[in-house]
Trainee: 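Here it is: the structure, laid out below.
So you know, we letter chains A, B, ... as the sequences are listed, proteins then strands, and number each from 1. All of these numbers come straight from a predicted model, not from anything done at the bench.
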Amino acid sequence: MVTIISTMETQVSNGPSGTSLPNGPVISTNGAADDSKTNLIVNYLPQNMTQEEFKSLFGSIGEIESCKLVRDKITGQSLGYGFVNYVDPNDADKAINTLNGLKLQTKTIKVSYARPSSASIRDANLYVSGLPKTMSQKDMEQLFSQYGRIITSRILVDQVTAGISRGVGFIRFDKRNEAEEAIKGLNGQKPLGAAEPITVKFANNPSQKTGQALLTQLYQTAARRFTGPLHHQTQRFRLDNLLNASYGVKSSPSFLPRFSPITIDSMTSLAGVNLTGPTGAGWCIFVYNLSPEADESVLWQLFGPFGAVTNVKVIRDFTTNKCKGFGFVTMTNYDEAAMAIASLNGYRLGDRVLQVSFKTSKQHKA
DNA sequence: TGTTATT
């Protein structure tokens, strides 16, 4: 088990780059709207926080121009951060003062001004290993700060030994080229007084997940559904103005109860429903509640990690060419198909909860 | 030897 020494030490404030006009909006020198005083980035959000809860929390401060909880494009899972753009810069300031450092479940959220988006700030996160166990987060920052502006830093610690450094950490620089210089300057070098050299390299990009990683993630999500929330009810994130917020699931389409541990057997035993059995090349799987924008690639991405997929099809409206909400996947092996169904049925894809089952003879009726 | 900071 791993925990974090600190996520809050490095605070970032971006100097506004625009010009404030009397009684008017902030206008940047190039004429584009300048949101540097209203746009915030929120980090270390609880995994299970929904867009609605996110909006509700930050909307309690003041009027929101826009906000977005950033999610994985494929799985729809929260990436643990989001953006809030307020109408009034004063509300952005207030949000930082009142919500930064707020403890939500096991996380301590960080609220700060968002830096202007640009390619140069992407992929600037470094993975550092071989650090002396005695090196603190501050020591590490000091070592790296000669190469640029540090946005975040952390050292991983062992939880069972109550906070002993694992000699592994992360450093995020403001700019990618700063991170590159730090690698050049520090990789393979011994910090002052250290016995061993440290390794410094770019951290794995979480958006480039392997099939195996995606599969693991899907299994974990499935397991969570089957065992219920990880934490005690009272530890779960609550908002006073969200009296009956559900966790992740907005609606429960059709006959499937929320979080119900539906098994293949219970599905096949439903009255009047029979499996069609292997048809031609393999087992046909019915996927329901796809978005109108869904395409074949999402089906490949979802089912591919579970085994051999021979065919996918998204059913579209003839005139609009939009997905009609469902599709089919053919898998060669029963075991893999069954595992895919067990893992993906009830899975949240973006705002939607998928229903996944073997295609049955009566699926289209009722 | 592994968290989740750029819409």
Trainee: Taking the side chain of A:Asn39 as heavy atoms from C-beta outward, which of B:dT7, B:dT6, B:dA5 is closest to it?
Mentor: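 Output: B:dT7.
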Trainee: Is the phosphate of B:dT4, meaning OP1 or OP2, less than 4.0 Å from a side-chain N or O of A:Arg154?
Mentor: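 So the side chain of A:Arg154 is within the cut-off, an N or O lying under 4.0 Å from OP1 or OP2 of B:dT4.
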Trainee: Mind jotting down which residue pairs meet the ring pair (Phe, Tyr, Trp, His ring centres under 6.0 Å) criterion with at least one end in residues 117-161 of chain A? Sequence neighbours excluded, please.
Mentor: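 Passing the test, one end in residues 117-161 of chain A: A:Tyr127-A:Phe170.
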Trainee: Counting side-chain heavy atoms from C-beta on, which of B:dA5, B:dT7, B:dG2 comes nearest to A:Arg166?
Mentor: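 Closest of the options to the side chain of A:Arg166: B:dG2.
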Trainee: Kindly indicate whether the side chain of A:Arg115 and the base of B:dT6 share any N or O donor-acceptor pair separated by less than 3.5 Å?
Mentor: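 Side chain to base: pair present.
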Trainee: Can you confirm whether the side chains of A:Thr38 and A:Asp35 place a donor and an acceptor under 3.5 Å from each other?
Mentor: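 Result is no, nothing qualifies.
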Trainee: For A:Glu196, enumerate each residue passing the salt bridge (Lys or Arg N to Asp or Glu O under 4.0 Å) test, keeping only those at least two apart in sequence or located in another chain.
Mentor: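 So A:Glu196 forms no salt bridge (Lys or Arg N to Asp or Glu O under 4.0 Å) with any residue.
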Trainee: Which sits closer to the 5' end of DNA chain B, A:Val168 or A:Val84, going by the nucleotide each is nearest to?
Mentor: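 Between the two, 5'-proximity favours A:Val168.
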Trainee: Can A:Tyr127 be classed as stacking with the base of B:dG2, given a centroid separation cut-off of 5.5 Å and a plane angle cut-off of 30°?
Mentor: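 Here the ring of A:Tyr127 and the base of B:dG2 are stacked, with centres under 5.5 Å and planes under 30°.
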Trainee: Send over the distance from A:Asn204 CG to B:dG2 C1', rounded to a whole Å.
Mentor: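 Rounding to the nearest Å, CG of A:Asn204 and C1' of B:dG2 are 7 Å apart.
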Trainee: Mind checking A:Asn85 for me? I need base, sugar-phosphate or nothing, with any heavy atom below 4.0 Å counting as a touch.
Mentor: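 Here A:Asn85 touches no strand at all.
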Trainee: Measure from CG on A:Asn43 to C1' on B:dT4 and round the result to the nearest Å.
Mentor: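 The answer, rounded to whole Å, is 8 Å.
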Trainee: Are B:dT4 and A:Tyr44 stacked, with the base six-membered ring and the side-chain ring centres under 5.5 Å apart and planes under 30°?
Mentor: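 Aromatic stack with B:dT4 absent for A:Tyr44.
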Trainee: Could you identify which residues of residues 182-189 of chain A place a heavy atom less than 4.0 Å from some atom of DNA chain B, listed by residue number, or say none?
Mentor: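 None - not one residue of the stretch has a heavy atom sitting under 4.0 Å from the strand.
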Trainee: Kindly write out the residues that satisfy salt bridge (Lys or Arg N to Asp or Glu O under 4.0 Å) with A:Glu63, not counting sequence neighbours, or none if the list is empty.
Mentor: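 So A:Glu63 forms no salt bridge (Lys or Arg N to Asp or Glu O under 4.0 Å) with any residue.
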Trainee: Can you confirm whether the side chains of A:Glu141 and A:Ser153 place a donor and an acceptor under 3.5 Å from each other?
Mentor: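 Yes, a side-chain donor-acceptor pair sits under 3.5 Å.
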Trainee: Taking ring pair (Phe, Tyr, Trp, His ring centres under 6.0 Å) as the definition, give me every residue that meets it alongside A:Phe303, ordered by chain and number, with sequence neighbours left out.
Mentor: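 Result, ring pair (Phe, Tyr, Trp, His ring centres under 6.0 Å) vs A:Phe303: none returned.
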Trainee: Under 4.0 Å from OP1 or OP2 of B:dT6: is there any side-chain N or O of A:Arg172 that close?
Mentor: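 For B:dT6, OP1/OP2 do have a side-chain N/O of A:Arg172 under 4.0 Å.
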Trainee: What pairs of residues pass the salt bridge (charged side-chain N to carboxylate O under 4.0 Å, His left out) test when at least one of them lies in residues 76-98 of chain A, not counting sequence neighbours?
Mentor: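 Applying salt bridge (charged side-chain N to carboxylate O under 4.0 Å, His left out) to every pair that reaches into residues 76-98 of chain A, excluding sequence neighbours, yields nothing.
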